[in-house]
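When reading the values below, keep in mind they use all heavy atoms of this one structure, side chains included, and skip hydrogens, waters and symmetry mates.
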Amino acid sequence: MTQFEQVTPFLHVPDLQKALDFFTDILGFTVPFREEGYAYIHRETVGFRLLEAEQDQTAAGSRRFAYYIDVRDVDALYAELKPKLDTLPPGDVHGPADKPYGQRELLVLAPDGELIVFGMELSDGTG
């Protein structure tokens, strides 16, 4: 069974509404999920995660979300990767964990300091 479905990069935008207007009105994307300061947009096989942030702001403390890989089963992927993940420094791996925005995620800190997130929609469809 294949795990990876698509990559959905985070776009850090200064004005979420302006970005949403552009992607929906001009490019034809839909907005399956939105909350304060964040939206997931989708069209066909392409998705983006829009995060409203000042140019120098970061998400998740001092780390910046940039790479989000949608997977079919994050727990199965974690089980596959666990022997190698266990060789990383403490604190470089978080999850898998359910998030309040309807995703189950595994976060791994890359050597460049960026977060690589593997995630899947929770089965109740809130993501």
Side-chain angles (χ1 to χ4, degrees):
M1 176 170 107
T2 60
Q3 279 288 1
F4 292 17
E5 294 181 328
Q6 69 181 20
V7 174
T8 52
F10 271 87
L11 296 178
H12 297 257
V13 299
D15 184 329
L16 181 60
Q17 188 57 56
K18 189 174 183 179
L20 284 172
D21 291 345
F22 171 76
F23 278 99
T24 58
D25 297 345
I26 305 297
L27 300 181
F29 280 74
T30 62
V31 185
F33 183 82
R34 180 182 181 177
E35 66 179 25
E36 181 72 29
Y38 169 82
Y40 173 72
I41 61 173
H42 192 264
R43 179 172 177 174
E44 298 175 24
T45 61
V46 176
F48 289 104
R49 297 169 190 281
L50 303 179
L51 185 64
E52 189 170 59
E54 296 292 327
Q55 189 71 2
D56 60 349
Q57 283 184 321
T58 59
S62 63
R63 304 294 178 213
R64 181 176 170 154
F65 283 89
Y67 313 106
Y68 198 105
I69 301 170
D70 292 284
V71 298
R72 296 184 191 283
D73 184 340
V74 75
D75 294 294
L77 180 64
Y78 176 69
E80 173 193 330
L81 300 177
K82 188 173 184 336
K84 300 283 187 176
L85 294 175
D86 287 346
T87 68
L88 296 176
D92 281 8
V93 178
H94 170 75
D98 293 348
K99 301 299 179 180
Y101 40 86
Q103 295 288 109
R104 183 161 176 78
E105 297 175 340
L106 169 65
L107 286 70
V108 181
L109 187 63
D112 65 0
E114 300 280 8
L115 286 173
I116 297 176
V117 182
F118 300 92
M120 62 184 244
E121 186 174 350
L122 289 172
S123 60
D124 66 2
T126 60

Distance in Å, [X] [atom1] paired with [Y] [atom2], rounded so as to fall on 0.5 Å steps:
X     : Y      : atom1 : atom2 : answer
Asp70 : Tyr40  : CG    : OH    : 5.5 Å
Asp98 : Met120 : CG    : CE    : 8.5 Å
Glu5  : Ile69  : CD    : CD1   : 12.0 Å
Thr24 : Ile41  : OG1   : CD1   : 8.0 Å
Asp15 : Leu50  : CG    : CG    : 11.0 Å
Leu51 : Tyr68  : CG    : OH    : 13.0 Å

- Dump the intermediate steps for side chain to side chain contact (heavy atoms under 4.5 Å, CB included) on Phe23 and Val13, then the final yes or no. CA-CA 12 Å; Phe23 278 99; Val13 299; 6.0 Å; no

- Apply side chain to side chain contact (heavy atoms under 4.5 Å, CB included) to the pair Phe10 and Val117, showing each step before the final yes or no. CA-CA 10 Å; Phe10 271 87; Val117 182; 5.5 Å; no

Minimum-distance pair of heavy atoms, taken over all atoms of [X] and [Y]:
X     : Y      : value
Gly47 : Pro9   : O-CD, 3.7 Å
Val74 : Arg104 : CG1-CG, 3.5 Å
His12 : Ala53  : ND1-CB, 4.3 Å

- Item | Residue among Leu106, Asp73, Leu107 satisfying side chain to side chain contact (heavy atoms under 4.5 Å, CB included) with Phe118 | Leu106

In a table with atom names and distances, give each donor-acceptor pair under 3.5 Å that connects a side chain of residues 86-95 to protein atoms at least two apart or in another chain.
from: Asp86; atom 1: OD1; to: Lys82; atom 2: NZ; distance (Å): 3.1
from: Asp86; atom 1: OD2; to: Lys82; atom 2: NZ; distance (Å): 2.8
from: Thr87; atom 1: OG1; to: Lys84; atom 2: O; distance (Å): 2.5
from: His94; atom 1: NE2; to: Lys99; atom 2: NZ; distance (Å): 3.0

For residues 28-39, which side-chain donor-acceptor pairs fall under 3.5 Å, sequence neighbours excluded?
from: Thr30; atom 1: OG1; to: His42; atom 2: O; distance (Å): 3.1
from: Arg34; atom 1: NH1; to: Gln17; atom 2: OE1; distance (Å): 2.9
from: Arg34; atom 1: NH2; to: Gln17; atom 2: OE1; distance (Å): 3.2
from: Tyr38; atom 1: OH; to: Arg49; atom 2: NH1; distance (Å): 3.0

